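If you read the sequence from its start, that first residue is 1, and numbering goes on from there. Model, not experiment: these values are computed from the prediction.
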Amino acid sequence: MSGLAGLLAGRVPPAAYRWHAAYDVGEVRRSVEHAGWRLAHVDGWTHPTRAETFEALGEALALPGWWGRNLDALADCLRDLDTDRTVVLWDGWGPLAREDGRAFGIILRLLTDSGLAVLLRGDGPEVHVPDLG
């Protein structure tokens with residue numbers, strides 16, 4: 001987990017990264033929490049549509065039940081959320097990125113602009129984010 005270790009140690013800034021590690025989500029959660037961070041896991045394989053992605057993000061980030069499940073509401077909620085030292089592990093991001101690239105791009109930008117570290121894991125279209133070693 002060397003790339004992740006660098007992020008958790010503060011040697012790599014929170015941003016969006018492609019992450020090719022095949023660790024079990026439980027192992028990643030233990031490592032992240034051991035370092036004093038929080039893990040928010042989004043399973044894009046079982047939540048591939050835009051609406052399902054909003055649901056998964058709401059659950060993973062513990063957004064209030066009343067949030068509007070759209071881009072504007074996500075932006076509003078992220079402004080009020082303590083995002084410090086939070087890693088979003090987005091497994092299976094590719095289906096949404098292929099189906100609705102515009103929404104995927106906006107969601108990714110909203111997450112990273114709020115200070116979250118986002119790890120895109122799994123196959124997907126070309127995105128302009130660095131790899132996390």
Side-chain angles (χ1 to χ4, degrees):
M1 289 194 200
S2 62
L4 179 59
L7 174 71
L8 299 175
R11 293 188 303 273
V12 176
Y17 299 98
R18 293 287 307 267
W19 196 46
H20 303 284
Y23 299 105
D24 176 77
V25 174
E27 290 178 72
V28 177
R29 183 174 307 281
R30 281 187 293 280
S31 295
V32 168
E33 291 176 353
H34 181 74
W37 287 57
R38 182 172 159 259
L39 181 73
H41 179 242
V42 176
D43 184 351
W45 298 118
T46 59
H47 300 90
T49 68
R50 183 180 186 164
E52 291 169 324
T53 298
F54 284 130
E55 285 296 323
L57 283 167
E59 289 176 24
L61 294 170
L63 299 181
W66 51 261
W67 86 284
R69 289 156 183 82
N70 60 53
L71 293 169
D72 290 334
L74 180 61
D76 290 343
C77 286
L78 289 173
R79 275 193 285 276
D80 296 334
L81 188 68
D82 178 10
T83 58
D84 189 43
R85 299 175 63 86
T86 300
V87 174
V88 176
L89 175 59
W90 192 344
D91 280 323
W93 59 276
L96 179 65
R98 284 187 197 95
E99 184 67 29
D100 192 345
R102 180 181 174 278
F104 168 78
I106 293 170
I107 291 168
L108 186 60
R109 189 187 78 237
L110 290 172
L111 295 173
T112 57
D113 284 355
S114 71
L116 292 163
V118 181
L119 306 181
L120 302 174
R121 189 163 72 163
D123 197 25
E126 181 66 33
V127 291
H128 300 287
V129 300
D131 283 347
L132 186 65

To the closest 0.5 Å, what do you measure between [atom1] ([X]) and [atom2] ([Y])?
X      : Y      : atom1 : atom2 : result
Ile107 : Asp100 : CD1   : CG    : 7.5 Å
Phe54  : Asn70  : CZ    : CG    : 6.0 Å
Arg50  : Leu71  : CZ    : CG    : 4.5 Å
Glu99  : Phe104 : CD    : CZ    : 14.0 Å

If you define the side chain from C-beta out and look only at heavy atoms, does anything of [X] sit under 4.5 Å from [Y]?
X      : Y      : answer
Leu89  : Trp19  : yes
Leu96  : Trp90  : yes
Ile106 : Leu74  : no
Leu78  : Asp113 : no
Leu111 : Arg109 : no
Leu108 : Leu120 : yes
Leu119 : Val28  : no

side-chain hydrogen bond (donor to acceptor under 3.5 Å, both in side chains) partners of [X], counting only residues at least two apart:
X     : answer
Arg30 : none
Glu52 : Thr49
Asp43 : Thr46

Determine whether a donor-acceptor pair (N or O, by modelled atom type, separation under 3.5 Å) exists between the side chain of [X] and the backbone of [Y].
X     : Y      : answer
Arg29 : His41  : no
Arg18 : Gly122 : yes
Arg69 : Ala51  : no

Practice problem: Could you list all the side-chain hydrogen bond (donor to acceptor under 3.5 Å, both in side chains) pairs where at least one residue sits in residues 74-88, not counting sequence neighbours? | Solution: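 Those involving residues 74-88 are Asp76-Arg79.
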Measure across [X] and [Y] and return the closest heavy-atom pair with its distance rounded to 0.1 Å.
X     : Y      : result
Ala75 : Leu110 : CB-CD2, 3.8 Å
Tyr23 : Arg121 : O-NH1, 2.7 Å
Trp45 : Pro95  : CZ3-CG, 3.9 Å
Pro14 : Trp37  : CG-CH2, 4.4 Å
Leu63 : Leu81  : CD2-CD2, 4.2 Å
Leu7  : Pro13  : CD1-O, 3.7 Å

If you group Ile, Leu, Val, Met, Phe, Trp and Tyr by side-chain heavy-atom gaps below 4.5 Å, do [X] and [Y] land in one group?
X     : Y     : answer
Val87 : Leu57 : no
Leu4  : Val25 : yes
Val12 : Leu39 : yes

For residues 126-133, which side-chain donor-acceptor pairs fall under 3.5 Å, sequence neighbours excluded?
{"residue": "Asp131", "atom": "OD1", "partner": "His20", "partner atom": "NE2", "Å": "3.4"}

Quiz item: Is the count of non-hydrogen atoms from other residues, nucleotides or ligands lying under 6.0 Å from Glu33 atom CD greater than 12?
Solution: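 More than 12 within 6.0 Å, yes.
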Quiz prompt | Results of side-chain contact (heavy atoms from CB on, under 4.5 Å) for Ala15 - residues two or more places apart only | solution =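 By the side-chain contact (heavy atoms from CB on, under 4.5 Å) rule, Ala15 matches Tyr17.
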